[in-house]
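What's counted below: heavy atoms across the whole structure, side chains too, no hydrogens, waters or symmetry copies.
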Amino acid sequence: MPSSRTGRPPVQQRTPRRPAAARTVRDNPVRRLYANARRAWDRPLTAYYLIAGGSVLITVLGLVMVYSASQITALQLSLPGSYFFRKQFLAACIGGVLALAASRMPVKLHRALAYPILAGAVFMMALVQLPGIGMSVNGNRNWISLGGSFQIQPSEFGKLALVLWGADLLARKQDKAMLSQWKHMLVPLVPVAFMLLGLIMLGGDMGTAIILTAILFGLLWLAGAPTRLFVGVLSIAAAIGVILIKTSPNRMARLACIGATEPKTGVADCWQAVHGIYALASGGIFGSGLGASVEKWGQLPEAHTDFIFAVTGEELGLAGTLSVLALFAALGYAGIRVAGRTEDPFVRYAAGGVTTWIIAQAVINIGAVLGLLPIAGVPLPLFSYGGSALLPTMFAIGLLIAFARDDPAARAALAMRQPRFGRKRGGRGPGSGRSPRRWNTMRRRASAARSSGER
């Protein structure tokens, strides 16, 4: 071994060891995959992509399933097989325009629209009760005819109105430090919500009333309502709900069909609930194939509206239903993330209200199809047939997209992006700071190869 000038053997320099945690993450592929996924999950634009992509996928898959589930119903009514699909596609196109417009609006304009939307919703919901204007569908008087086969359900717009108006009201009160007093937290939010609930219950629509109540509780929870106040309002709403259910034989029959496995359960006719379970059970893992449902041939009522999830399970199987659940879970997570990361109180209340609305409605619809909840008659958001439900929901999705884009980190990430195509030809000199396009580099390499004698 060679010695140094001092006569001592040279000291071998040791490479610094990596920390045990970093070495474990790098050497373990599962941990590395988890770390990369978590890093991607925490990026500023994750919520933006989840809301935009998830809502588009749910809507497109819903259009496909509406076309598949509604063909037999349309033919039974002597209509073209694509009749309901065309109406839903038209509503989706209009809703897409509304979502795009809402996603480009500033927050101030959203707040300015709160009172006009509330006034318009209350006016239309009052028109429903006038003879000759309102219409009854499946026992509920909550529709207005627009001529021909087009109808509108004003109570669906009442959900959007309560979210926007309630968020604006609570945000203004928070700016004035008034939410610490219970009377300012409840008034006028709860009386206006009860007015909307009364107009809805005049038509007998218990399902929409439950969704509106969920939105009210979501706003109160976001506003920091104390437990006593929250429990008190919840107790009053539960007592009113019990009275309304006890006084209606139809609602009592729906309650008796929870978990039913036979079409006749005592005095209740559980035909729809049981055949929904039959449809899910016959789908298996990957389903019978798109369009191959058996239950939609007259056995399952409302196959393209309230029970479209059952047809999805029959045709696409467990894989299809889990995909739908995963998309709604991603949409709900993104909405919670937008509400939790913002500093604007209006954005927090509005994003939380929209997320409560969509997830609560999805849970009630899917729970009824699975036999875990009573059939409430509410559609699956963005998925079931119904233009009146699709239009305000897509506008609400546009709100979430606008709020996700308004986040400071998301704005910075969007501002740093450069378009890949369509750049101007000028400014490509040495001092321009722009790298040449990839196809330009490849073209120069090709020309150099030809000049060297290659052909």
For this session: Verify, without hydrogens or angle tests, whether T321 (side chain) and L318 (backbone) share a donor-acceptor contact under 3.5 angstrom.
Result: yes
Exercise. With a 3.5 Å cut-off and no angle check, do the side chains of Y349 and Q174 form a donor-acceptor pair?
Worked result: yes
For this session: State, with a plain yes or no, whether a side-chain heavy atom of Y83 is found less than 4.5 Å away from one of T73.
Result: no
For this session: Spell out, as yes or no, whether a donor-acceptor pair under 3.5 Å connects the side chain of Q272 to the backbone of P301.
Result: yes
For this session: Output yes when a side-chain donor or acceptor of D306 lies under 3.5 Å from a complementary backbone atom of N365, and no otherwise.
Result: no
For this session: Starting from the C-alpha separation in whole Å, work towards a yes-or-no answer on side chain to side chain contact (heavy atoms under 4.5 Å, CB included) for T312 and F383.
Result: CA-CA 10 Å; T312 303; F383 202 85; 3.4 Å; yes
Problem set entry | Least distance between heavy atoms, L162 atom then L216 atom | CD2-N, 4.3 Å
Exercise. Atom CE in M65, atom OG in S293: separation rounded to 0.5 Å?
Worked result: 7.5 Å
Exercise. Do I240 and M201 have side chains that get closer than 4.5 Å, going by heavy atoms?
Worked result: no
Exercise. Taking side chain as C-beta onward, heavy atoms only, is E156 less than 4.5 Å from N142?
Worked result: no
Problem set entry | R251 (side chain) donor-acceptor with L244 (main chain) under 3.5 angstrom | yes
For this session: Determine yes or no for a side-chain-to-main-chain donor-acceptor pair under 3.5 angstrom, with Q361 supplying the side chain and L380 the backbone.
Result: no
For this session: Measure the spacing between OH of Y385 and CG of L63 and express it to the nearest 0.5 Å.
Result: 12.0 Å
Sequence neighbours excluded and cut-off under 3.5 Å, please list the side-chain donor-acceptor pairs for residues 181-200, or say none.
none

Exercise. Does CD in Q76 sit with more than 12 non-hydrogen atoms of other residues, nucleotides or ligands closer than 6.0 Å?
Worked result: yes
Exercise. Should we say atom CZ of F89 is surrounded by more than 12 heavy atoms from elsewhere, each under 6.0 Å from it?
Worked result: no
Exercise. Ignoring hydrogens and geometry, is there a side-chain-to-backbone donor-acceptor pair from T213 to A209 under 3.5 Å?
Worked result: yes
Seminar exercise, completed: In short, G387 meets P392 closest at the heavy-atom pair O-CD, 4.5 Å
Exercise. G335 and T355: which non-hydrogen atoms are nearest, and at how many Å?
Worked result: CA-OG1, 3.3 Å
Problem set entry | Inter-residue atom distance M206.CE - N250.CG, 0.5 Å rounding | 11.5 Å
Exercise. Should L331 and L50 count as side-chain neighbours, where that means a heavy-atom distance under 4.5 Å?
Worked result: no
Exercise. More than 12 foreign heavy atoms under 6.0 Å from CZ of R43: is that the case here?
Worked result: no
Exercise. Taking the six-membered ring of F346, is the NZ or CZ of K108 close enough (under 6.0 Å from the centre) and on axis enough (within 45°)?
Worked result: no
Exercise. Are any of the side-chain heavy atoms of I375 and F307 separated by less than 4.5 Å?
Worked result: yes
For this session: Spell out, as yes or no, whether a donor-acceptor pair under 3.5 Å connects the side chain of E315 to the backbone of G287.
Result: no
Problem set entry | Shortest non-hydrogen separation from A161 to L118 and the atoms involved | CB-CA, 3.7 Å
For this session: Classify the angle between the aromatic ring planes of H275 and W271 as parallel (below 30°), tilted (30 to 60°) or perpendicular (above 60°).
Result: tilted
Seminar exercise, completed: Closest non-hydrogen atoms of R337 and A47, given as atom of the first, atom of the second and distance, are CD-CB, 4.1 Å
Exercise. Given the rule in the side chain to side chain contact (heavy atoms under 4.5 Å, CB included) test, do D168 and L164 qualify, once you have shown the distances and angles that lead to the verdict?
Worked result: CA-CA 6 Å; D168 177 70; L164 284 177; over 6 Å; no
Seminar exercise, completed: One should read off an interatomic distance between L316 CG and F309 CZ, to the nearest 0.5 angstrom, of 10.5 Å
Seminar exercise, completed: Here the gap from F157 atom CZ to L391 atom CG, rounded to the nearest 0.5 Å, amounts to 5.0 Å
For this session: State, to 0.1 Å, how close I245 and M252 come at their nearest heavy-atom pair, and which atoms those are.
Result: O-CG, 3.2 Å
For this session: Would you check if T261 and I277 make a side-chain contact, meaning some heavy-atom pair closer than 4.5 Å?
Result: no
Exercise. Side-chain contact, heavy-atom cut-off 4.5 Å: L219 with L169?
Worked result: no
Exercise. Is the closest side-chain heavy-atom distance between I152 and W143 below 4.5 Å?
Worked result: no
For this session: Report yes or no: does T342 contribute a side-chain atom to a donor-acceptor pair with the main-chain N or O of A339 at less than 3.5 Å?
Result: no
For this session: Rounded to the nearest 0.5 Å, what's the gap from OH on Y67 to NE2 on H304? Could you check?
Result: 14.5 Å
For this session: Flag the pair K296 and E314 as a salt bridge only when some basic side-chain nitrogen lies within less than 4.0 angstrom of an acidic carboxylate oxygen.
Result: no
For this session: Using modelled atom types only, decide if a donor and an acceptor are shared between the side chain of S384 and the backbone of T305 within a distance under 3.5 Å.
Result: yes
Exercise. Should we say atom OH of Y115 is surrounded by more than 12 heavy atoms from elsewhere, each under 6.0 Å from it?
Worked result: yes
Problem set entry | Backbone N/O of S136 and side chain of R141: donor-acceptor pair under 3.5 Å | no
